[in-house]
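Below is one structure, written out as structure tokens; comments come after it.
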Amino acid sequence: MTSPTLPGAPFVAYRHDALHLENLSLQALAKAHGTPLFVYSKAAMLSALAAYQRAFQGRQAKVHYAMKANSSLGVLQVFAQAGCGFDIVSGGELARVLAAGGQAKDVIFSGVGKRRAEMKTALQAGIACFNVESEAELDVLNEVALACGKVAPISIRVNPNVDPKTHPYISTGLKGNKFGVAHERTLQAYQHAASLPGLKVVGIDFHIGSQITTSEPYMDALDKMLDLVEQIEAAGIPIHHLDFGGGLGIDYNGDTPPAADALWTQLLARLDERGFGQRQLMIEPGRSLVGNAGVCLTEVQFIKPGEQKNFCIVDAAMNDLPRPAMYQAFHQIVPLHPRTGHPTVYDVVGPVCESGDWIGRDRALDVQAGDLLAVLSAGAYCMSMASNYNTRGRPAEVLVDGDAAHVIRQRESVQDQMRGEQLLS
Ligand SMILES: *Cc1c(COP(=O)(O)O)cnc(C)c1O
């Protein structure tokens, strides 16, 4: 029998040997909507959010959902209605927030390569803050703001250079990567920002990486940030808000990241100790709000025994679910209705013409053609990274809310894919 504590439990669970999401049988959803199909649990998303909210009770704190993790309108709507703001990385994402019922005043704009047109649109919409990632960006944002008669609220993203030896999973908070302003240059950057008439300093931020499974890197980065805030304020530049980014990991395969409330209880204690507990606080979680709330359903097309490997060929592929091909990421793959025979070890692969098109390697499964499988922990960085490679339409998406299933995105047709293309005249 399959492990009772699947990633996504208790929202993802077997009931009478049939895999369910909340109260709905996933087999029934696959039959009704076809495969590959992404299915998300609203309760799982709200439960993940509630863990942060518990820790922040009685604080001035705002959760900005990092929407690149999953930017489907129905998902954004859930978080907008739950009172979240949004962390965006493009003008397109701002348009999605507004289309989903979110408000520009609750938006912060991150990213190393913001274009002038994107800056202008965000300024005119009245977003809360630009998280600036370089000194050059300060100058350009100042020019754009002055040209449209606005003052841009800014935070500077600090690269805290958290020690890689103790924290090997950190990938964006190290010297040598493209994100943020070097720790040693931060004070100068703030002094420069404060001198520019088109900018108003409102905060400071960091985002040190993703799928972080221990609290130490956050503790280290927090202390470094607070040291900087003390220096910057001593230079006469007030910092209104502190933004700690996202990055908290989820369970893909027995990973045990701290719970969001436990992590934040620890971080808040440190903030209190250092006298910053009553500041305006912000966070930008993505993966930890949606990753375990989603599954991808796929049908076994063929079983192909081989001399070295057996292949289980399914109808989901790297274009639908790019994380294994891109990052060698692991997702659990489980049957919707487990069989009782002997498992065989398979590479679970998609139909795309690339050897990198695999979903899982060396998986023990008892399956036959026509069986349905669920790829777990597929709520984050799957659909939002999906492509049309091999002219494959992107999957449909369903949001489950208790006993109800809402289609939040129709399956993409080949006409959808060819829209905007033209033959030579
Ligand atoms: C991607 C990103 C996040 C969210 O990261 P998760 O690991 O999904 O929580 C937050 N902030 C910034 C600036 C990001 O680029």
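Residue numbers count from 1 along this sequence. None of the values given here were measured: they were computed from a predicted structure. Ligands are counted one by one from 1 in listed order, and the atoms in each one are counted from 1 as well.
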**Request:** Measure centre to centre between the rings of F330 and Y252, then say whether the value is under 6.0 Å.
**Result:** no
**Residue R419 excluded, over 12 heavy atoms near CZ under 6.0 Å** = no
**Message:** Quick check: W264 with F244 (ring centres under 6.0 Å apart)?
**Reply:** yes
**Request:** Give a yes or no on whether R274 atom CZ has more than 12 heavy-atom contacts from other residues, nucleotides or ligands under 6.0 Å away.
**Result:** yes
**Prompt:** Salt bridge between R279 and E233, side-chain N to carboxylate O under 4.0 Å?
**Reply:** yes
**Request:** Below 4.0 Å from any atom of ligand 1, which residues have a heavy atom? Give them in chain and number order, please.
**Result:** A66, K68, D87, S110, R157, H207, S210, G246, G247, E284, P285, G286, R287, Y381
**Request:** For the residue pair T35 and D315, confirm or rule out a side-chain donor-acceptor distance under 3.5 Å.
**Result:** yes
